[in-house]
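Let me begin by presenting the structure, written as structure tokens, before commenting on it.
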Number of protein chains: 2
Amino acid sequence: MANEKDLESKWDVQLRKGTLDLVVLAALNGRTLYGLELLQLLHKFETTRITEGTLYPLLDRLKRDGLVTAQWRQEGETRPRKYYALTELGSNKLSAVSRRWQQAVSDINHLLAHPGPAPLNDEE
Amino acid sequence: MANEKDLESKWDVQLRKGTLDLVVLAALNGRTLYGLELLQLLHKFETTRITEGTLYPLLDRLKRDGLVTAQWRQEGETRPRKYYALTELGSNKLSAVSRRWQQAVSDINHLLAHPGPAPLNDEE
DNA sequence: CATTATACCTTGTATAACAAGGTATAATGT
DNA sequence: ACATTATACCTTGTTATACAAGGTATAATG
């Protein structure tokens with residue numbers, strides 16, 4: 001029963017829910033990448049080590065919502081690859097979600113920095 | 001078709017998934033609060049405006065996992081209230097999840113701060 | 001011609017936030 | 001007295017999404 005690591009990673013999975021959209025939009029900001037290339041980029045960070053089963057449906061959603069474009073292209077000798085890029089709508093969305101993210105970071109850090117017992121009111 | 005606000009708030013909902021456990025543990029750090037009191041505290045922050053239908057099942061999970069204790073207590077004339085407090089396990093969990101959170105903030109900020117086109121390798 | 005590597009896609013499962021309801025009791029209004 | 005409101009906790013059904021585990025197709029290699 002290797003359960004302790006499972007319990008740990010369950011938090012990670014839930015943390016990814018909700019940040020992954022932001023993460024993929026940010027990764028595509030100023031870049032045009034195909035699926036596995038994007039996946040490799042995200043594997044450089046502990047927080048964003050996702051699998052293909054997560055990435056492709058996510059990209060489908062982003063495309064469906066008009067936030068990214070998808071385009072098959074053949075680069076030289078390689079097999080065709082589907083390249084994703086931000087639309088202007090996606091770029092705006094990235095800005096909006098990024099602001100939300102900064103707000104969340106601020107709020108949560110405030111909570112972390114103010115343990116009780118105390119009113120946790122408007123001090124300073 | 002009041003859809004634009006709905007689309008905005010969908011991101012918020014998903015962002016809460018995965019941060020709420022951390023948030024509630026942090027809120028209970030050094031405090032002993034009953035349900036609605038905890039709810040009011042969380043309503044002071046934009047990111048953590050949740051409802052009772054979210055809070056009570058969440059507290060049940062935390063209790064089931066041994067991270068918090070729940071205790072009915074009657075304070076003077078008021079009706080009995082269920083007071084929640086961190087266990088030592090919960091305190092340790094808060095530390096662990098807090099570290100994970102800092103890692104996530106660091107990773108995501110790195111992604112946000114490094115738009116392409118660029119390898120996004122080990123620069124500096 | 002079997003195997004491996006690359007690249008994309010699909011299905012089923014589990015989790016968690018939420019809206020919308022519910023119960024019970026104390027305080028207040030008329 | 002009795003209806004209403006406020007407080008406090010709880011439950012059910014819906015929805016979204018990350019993931020494991022599978023699948024398809026093609027090109028290069030043994």
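With sequence neighbours excluded, the residues that form a side-chain contact (heavy atoms from CB on, under 4.5 Å) with Asn29(B) are Pro115(A), Leu86(B), Leu94(B). By the salt bridge (Lys or Arg N to Asp or Glu O under 4.0 Å) test, Arg79(B) is found to be paired with no residue, residues two or more places apart in sequence or in another chain being considered. Taking the side chain to side chain donor-acceptor pair (under 3.5 Å) definition, one finds that Thr48(B) meets it with nothing, sequence neighbours left out. Contacts of Glu46(B) classified as side chain to side chain donor-acceptor pair (under 3.5 Å), with partners at least two apart in sequence or in another chain: none. Applying the side-chain contact (heavy atoms from CB on, under 4.5 Å) test to Val105(B) and every residue at least two apart in sequence or in another chain returns Trp101(A), Val105(A), Trp101(B), Asn109(B). Partners of Thr69(B) by side-chain contact (heavy atoms from CB on, under 4.5 Å), not counting sequence neighbours, listed by chain and number: Ala85(B), Thr87(B). With sequence neighbours left out, Gln71(A) forms a side chain to side chain donor-acceptor pair (under 3.5 Å) with no residue at all.
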Using distance only, find each side-chain donor-acceptor pair of residues 49-61 of chain B under 3.5 Å and give its atom names and separation, not counting sequence neighbours.
residue, atom, partner, partner atom, Å
Arg49(B), NE, His43(B), O, 2.7
Arg49(B), NH2, His43(B), O, 3.3

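Residue pairs meeting the side chain to side chain donor-acceptor pair (under 3.5 Å) criterion with at least one partner in residues 33-42 of chain B, sequence neighbours excluded, are Tyr34(B)-Arg81(B).
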Once each nucleotide of nucleotides 22-29 of chain D is scored for protein heavy atoms under 4.0 Å, what B/S/- sequence comes out, 5' to 3'? ---BBS--
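Considering only side-chain N and O atoms, Thr51(A) lies under 4.0 angstrom from the phosphate OP1 or OP2 of dA20(D). Applying the 4.0 Å criterion to OP1 and OP2 of dC9(D), one finds that Tyr56(B) has a side-chain N or O inside that range.
Put simply, CZ on Arg81(B) is 12 Å from C1' on dC9(D), counting in whole angstrom units.
Counting any heavy atom pair closer than 4.0 Å across all strands shown, Tyr83(A) reaches no nucleic acid atom.
Comparing the start and finish of the helix from dC1(C)-dG30(D) to dT30(C)-dA1(D), five pairs each, the helix axis swings through 10°, to the nearest 10 degrees.
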Output one line per pair: protein atom, nucleotide atom from nucleotides 12-17 of chain D, and distance, for all N/O pairs under 3.5 Å.
residue, atom, partner, partner atom, Å
dA16(D), O3', Gln14(B), NE2, 3.4
dT17(D), O2, Lys17(A), NZ, 3.2

